[in-house]
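Reviewing the structure listed below.
Proteins get letters first, then strands, A, B, ... in listed order; numbering begins at 1 in each.
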Amino acid sequence: MTRGVTLLGYVVLVALAVVIEVAARRRGTATFGDVLGSALRWRPFRLVLVAAWLWLGWHLFVRVDWQ
Amino acid sequence: MEPMEADDHADPTAVARQATWSRPEGRRRRVLVVTAVLLAAAYGWWAVGLAPFSGAATVVVVGAGAGAVGIGVSARRTGRGAGAHAARFEQRHDGGDDEGRRVGGSEESPVGAGTAPTPAPGTAGARRWAGWVAAVALWQLAAYLQHPRDDHPTLSSLANSLLDSHSARAAAFVLWVLAAVELARR
């Protein structure tokens, strides 16, 4: 798998998300926000997601020597 | 059943918020929001300039994230989170009977006080999104397990490439903090 193929995969996934979201809004079905909101009603998932988000911040803003 | 109209069954929270935004109280709120964002930007500029892998950077960054989560939780408990979100979902699913059919909850469920339950999304919609998340995770894992990293970039390595300047990193920090507030507010 080359760099181009890997990047193409990410682009396809982003495009897929846009298509699913637009289709959901047009049809009135569940958008990503709706699914996320529903999942967040479950406390364990909420705790895991918040912890993961804090970890992401630490990973992006503390663990990288960008200077 | 007649579709629910926002005017006929006016959601007190949404209507009040819309009216408040244009009043003096709304202007004051805008000033507060802008001030908060500017302060967050200044804090972010300082935070991302700290020495990497240091304890200070860890405390500053994670502390900001935890504070943002606390703000979001506080907003949710005072009814500014769950009520608004449920209102938007209610207005979009006003009696439709398709794969977006609500499972559980009531079409007449009150909103606005922060206690209204968010109707569960349709199963098909949830499955699509779960499948998408699984695809992203698998693609990321496939890239992570292969080397060299330049040929198999992960989301982290791509993000680091994008955030290769102080200003970009500070802006990303502010967005991360705002997203933490929103995540905790839902």
Side-chain angles (χ1 to χ4, degrees), chain A, chain B residues 44 47-50 52-54 57-58 60-62 64-66 69 82 85-86 88-89 92-93 96 98-100 117-122 124-126 128-130 132 135-136 139 142-143 146 150-153 155-156 158-160 163-166 169 172-173 176-177 179-180 183-184 186:
Chain A
M1 204 163 69
T2 65
R3 180 179 177 83
V5 171
T6 307
L7 292 177
L8 181 63
Y10 288 127
V11 170
V12 166
L13 287 168
V14 169
L16 193 60
V18 171
V19 167
I20 295 174
E21 180 75 9
V22 168
R25 285 175 186 270
R26 282 187 178 174
R27 291 187 211 162
T29 55
T31 64
F32 185 78
D34 297 332
V35 174
L36 184 64
S38 183
L40 284 171
R41 293 172 61 199
W42 189 42
R43 189 178 175 86
F45 180 82
R46 178 192 296 274
L47 293 175
V48 167
L49 193 61
V50 166
W53 196 252
L54 294 179
W55 173 87
L56 180 66
W58 173 79
H59 181 70
L60 287 178
F61 303 116
V62 178
R63 282 189 74 244
V64 176
D65 189 2
W66 62 275
Q67 294 173 349
Chain B
V48 300
L50 294 172
F53 298 95
S54 65
T58 300
V60 166
V61 169
V62 177
V69 167
H85 180 68
R88 285 195 295 273
F89 192 89
R92 200 162 58 241
H93 298 80
D98 51 12
E99 61 183 9
T118 303
R128 273 189 221 110
W129 283 114
W132 180 80
V136 170
W139 195 251
Q146 300 181 72
D150 281 345
D151 287 343
H152 307 95
L155 293 173
S156 291
L158 290 173
N160 290 333
L163 305 179
D164 204 21
S165 68
H166 200 137
R169 199 159 279 269
F173 181 86
W176 172 74
V177 168
L183 207 61
R186 283 181 168 265

If you define the side chain from C-beta out and look only at heavy atoms, does anything of [X] sit under 4.5 Å from [Y]?
X        : Y        : value
A:Val35  : B:Arg128 : no
B:Leu183 : A:Leu49  : yes
B:Asn160 : B:Arg169 : yes

Residue part contacting chain A, namely of [X], when any heavy atom lies under 4.5 Å:
X        : answer
B:Val48  : both
B:Asp164 : both
B:Leu50  : backbone
B:Ala159 : side chain
B:Trp176 : both
B:Ala64  : neither
B:Ala179 : both
B:Val136 : both

Heavy-atom pairs under 4.5 Å with chain A - which of [options] has more of them than the others?
options                      : result
B:Phe173, B:Trp132, B:Trp129 : B:Trp129
B:Val60, B:Leu155, B:Val62   : B:Leu155
B:Ser156, B:Ala184, B:Ala66  : B:Ser156
B:Ala172, B:Pro153, B:Ala180 : B:Pro153

Item checked: Donor-acceptor contact present, side-chain A:Glu21 to main-chain A:Thr31, <3.5 Å -> no
Margin query: Keeping A:Tyr10 on the side-chain end and B:Leu158 on the backbone end, is there a donor-acceptor pair under 3.5 Å?
Written below: no
Item checked: A:Ala30 to B:Gly125 - nearest heavy-atom pair and separation -> CB-CA, 4.1 Å
Next item on the list: Work out which heavy atom in A:Arg46 is nearest to a heavy atom in A:Leu40; give both atom names and the distance.
Entry: NH2-O, 2.9 Å
Next item on the list: Please lay out, stage by stage, how B:Trp139 and A:Val12 fare under the test side chain to side chain contact (heavy atoms under 4.5 Å, CB included).
Entry: CA-CA 11 Å; B:Trp139 195 251; A:Val12 166; over 6 Å; no
Notebook entry, point to check: Checking side chain to side chain contact (heavy atoms under 4.5 Å, CB included) for the pair A:Thr2/B:Asp151: CA distance, chi angles, key distance, verdict?
Noted result: CA-CA 5 Å; A:Thr2 65; B:Asp151 287 343; 5.9 Å; no
Notebook entry, point to check: Which bit of A:Ile20 is near chain B, if near means a heavy-atom gap under 4.5 Å: side chain, backbone, both or neither?
Noted result: both
